[in-house]
Amino acid sequence: MSNNKSKILLVLFAWVIKMAAFAQSPTEMSYEEICHSAPMQWNCPAVETYLNVIDSLIEKTSDYKECAVKLKEKFGLYNSTSKPGERLIATQAIMRIDNPVYDTTNLLNHISTWLQNKKEWKNNTKIDNLDKDISGMATVNVANHGGWASVYKIYTSPSLVIQLLDKDRLLVSFLTGNFKMNEVNGNGSTARTSDEKITDVFPVVQKSSYKNSYAKAYIGTYQYFWKFIGELRDDLNKNFTHDVKLLTQLRYNHASDSLKAIYGEPTNVISHLSTILDVNNEIRFYENAQKVVFMGKTINFKDVMDCVIDDDPQFIPGHSYTYGAGLSFFGIGIGGAETTTTPDKTIHNYVVKVKMDNLKIPFIYIATGQDEHKATEIQLSFEYIMRHQQRTATGTKRNGRVAGKKKR
């Protein structure tokens with residue numbers, strides 16, 4: 001089954017329970033409400049319910065065949081809507097989200113990263129921001145069954161869709177219709193491989209071969225699906241109770257808007273190398289207001305007296321390494337000794353120093369590390385301020401003299 005067809009099946013499978021539009025979005029809440037909102041809680045009691053059902057069936061009998069038959073009767077197979085007559089193992093659960101305050105893209109990216117850390121799903125998933133879902137297909141080992149001289153390893157390739165139904169409901173859906181069995185010899189080589197439809201093997205077909213192996217695979221498939229959903233829920237409850245990226249963005253927007261209300265639009269903003277949004281990691285120049293805002297401090301243009309760049313470089317000399325001693329007879333070298341030399345290296349450490357005509361803030365030090373371009377950009381901005389302050393002062397004196405002459 002292709003990935004696209006599987007996704008269509010899963011979306012159709014989910015459509016019967018998809019309801020209204022999203023609840024209140026974060027943008028409709030005030031900044032204060034969002035910052036003080038309660039942690040999100042991700043709830044899916046169906047995980048424990050169904051895992052307990054499977055565990056209880058296993059505990060009641062040591063016969064995997066009997067357990068698989070009861071499991072088939074308990075859950076049944078899903079009838080494909082696109083291929084009449086085809087039946088599949090399907091598992092679906094809804095995760096309820098208490099106190100939902102998040103950005104959809106941030107949530108999907110978080111789940112995608114979690115999937116990337118699972119070996120079988122790495123590079124096999126895709127985000128669709130329009131449909132608000134993540135889809136993928138992977139191959140997972142659902143059972144290993146020892147035989148007389150071989151081990152039977154059985155895999156299935158489920159399709160997965162994780163979809164936001166609305167703001168407080170996340171749907172997780174699995175579909176699979178095939179088993180792949182590898183017969184591995186004692187020396188580790190694969191003696192035989194077979195691909196079977198689930199509907200052609202035990203427990204769906206009682207007279208099929210390898211009943212114990214496929215019975216374990218049938219049980220293991222359901223166990224994998226429900227454990228997967230439980231692990232996703234637990235990760236979200238541990239690492240996504242707050243949308244940190246959303247809160248950081250909103251905090252940044254709030255701080256920017258507050259400065260804008262006081263000083264107007266910034267003429268220039270120089271950001272720090274940090275990827276974290278924070279106005280304290282920026283130097284904001286407001287030419288109309290004649291102000292510079294940096295690290296929570298407000299500086300007047302007229303107080304800027306001087307600006308220079310200092311570099312305190314660290315010099316690391318190169319080294320020579322000799323590998324292999326070789327042999328020496330009367331000063332003549334014999335053997336494979338090799339010498340490798342590393343080049344000299346200079347690590348720059350640029351600091352912009354701004355001299356101020358202000359007793360409270362006499363100096364400002366702005367470290368840019370090895371980023372000479374950033375240091376130069378900052379220096380040129382402060383030089384612009386000084387240059388224009390000088391022009392303004394000169395113009396004021398000239399105008400004053402002219403005005404004085406007219407009075408005489």
Side-chain angles (χ1 to χ4, degrees), residues 26-37 101-103 105-106 242-313 348-397 399:
T27 54
E28 295 170 348
M29 301 171 66
S30 70
Y31 172 72
E32 289 74 17
E33 285 177 320
I34 294 172
C35 285
H36 296 94
S37 61
V101 179
Y102 62 87
D103 176 81
T105 300
N106 292 342
H242 288 97
D243 186 343
V244 177
K245 287 186 177 181
L246 172 66
L247 292 175
T248 300
Q249 181 68 60
L250 292 175
R251 190 175 293 113
Y252 176 82
N253 292 346
H254 180 74
S256 297
D257 290 343
S258 298
L259 290 172
K260 180 180 176 181
I262 300 171
Y263 304 121
E265 288 285 355
T267 309
N268 187 22
V269 177
I270 301 176
S271 300
H272 188 267
L273 295 174
S274 171
T275 57
I276 299 175
L277 282 174
D278 187 348
V279 293
N280 289 322
N281 289 332
E282 299 174 337
I283 308 173
R284 291 173 159 252
F285 298 89
Y286 296 88
E287 189 168 11
N288 289 337
Q290 297 285 288
K291 304 289 184 183
V292 181
V293 177
F294 175 61
M295 291 297 295
K297 303 291 185 182
T298 301
I299 303 163
N300 293 314
F301 275 20
K302 64 182 179 60
D303 290 341
V304 179
M305 298 178 64
D306 191 22
C307 181
V308 296
I309 299 175
D310 277 356
D311 184 15
D312 184 17
H348 293 279
N349 184 26
Y350 296 105
V351 178
V352 182
K353 296 182 178 180
V354 184
K355 185 178 179 181
M356 304 292 300
D357 187 20
N358 187 315
L359 190 59
K360 291 183 179 180
I361 314 173
F363 260 102
I364 298 174
Y365 297 86
I366 307 168
T368 65
Q370 299 185 62
D371 194 338
E372 184 179 9
H373 176 78
K374 186 73 67 177
T376 303
E377 183 183 8
I378 295 169
Q379 183 194 33
L380 292 175
S381 296
F382 279 103
E383 285 183 350
Y384 173 89
I385 290 174
M386 291 185 292
R387 191 164 57 250
H388 282 259
Q389 287 297 110
Q390 291 169 358
R391 290 176 183 174
T392 301
T394 303
T396 301
K397 290 179 181 178
N399 290 337

(request) Indicate the atoms forming the closest heavy-atom contact of His348 with Gln370, along with that distance. (result) O-CG, 3.2 Å

(request) Please round to the nearest 0.5 Å and tell me the distance separating atom OH of Tyr31 and atom NE2 of His36. (result) 8.5 Å

N/O donor-acceptor pairs under 3.5 Å from side chains in residues 375-384, not counting sequence neighbours:
unit_1, atom_1, unit_2, atom_2, d
Thr376, OG1, Glu372, O, 2.9
Ser381, OG, Glu377, O, 2.9
Tyr384, OH, Glu287, OE2, 2.7

(message) So Tyr350 and Val352, do their side chains get closer than 4.5 Å, heavy atoms only?
(response) no

Distance-only donor-acceptor pairs under 3.5 Å for side chains of residues 291-304, two or more places apart:
unit_1, atom_1, unit_2, atom_2, d
Lys291, NZ, Asn300, OD1, 2.3
Thr298, OG1, Tyr263, OH, 3.3

(message) Distance check, rounded to the nearest 0.5 Å: Leu246 atom CG versus Asn106 atom CG?
(response) 6.5 Å

(request) Find the distance between CG (Asp243) and OG (Ser37) and round it off to the nearest 0.5 Å. (result) 10.0 Å

(request) Identify, with sequence neighbours excluded, every residue that meets salt bridge (charged side-chain N to carboxylate O under 4.0 Å, His left out) alongside Glu32. (result) none

(request) For residues Ile364 and Met356, determine if any side-chain heavy atom of one lies less than 4.5 Å from a side-chain heavy atom of the other. (result) yes

(message) Asn349: which residues meet the side chain to side chain donor-acceptor pair (under 3.5 Å) condition with it, sequence neighbours left out?
(response) none

(request) Output the distance between atom CZ (Arg251) and atom CD1 (Ile34), rounded to the nearest 0.5 Å. (result) 11.0 Å

(request) Check step by step if side-chain contact (heavy atoms from CB on, under 4.5 Å) holds for Met386 and Met305. (result) CA-CA 7 Å; Met386 291 185 292; Met305 298 178 64; 5.7 Å; no

(message) Taking salt bridge (charged side-chain N to carboxylate O under 4.0 Å, His left out) as the definition, give me every residue that meets it alongside Lys355, ordered by chain and number, with sequence neighbours left out.
(response) none

(request) Measure the spacing between CD1 of Ile366 and CD1 of Ile270 and express it to the nearest 0.5 Å. (result) 8.0 Å

(request) Could you point out which residue of Ser256, Ser258, Ser271, Pro266 forms a side-chain contact (heavy atoms from CB on, under 4.5 Å) with Val279? (result) Ser256

(request) First locate atom CG of Asn268, then atom OH of Tyr286, and finally report the distance between them rounded to the nearest 0.5 Å. (result) 11.0 Å

(request) Name all residues meeting the salt bridge (charged side-chain N to carboxylate O under 4.0 Å, His left out) criterion together with Asp306; count only those two or more places apart in sequence or in a different chain, and write none if there are none. (result) none

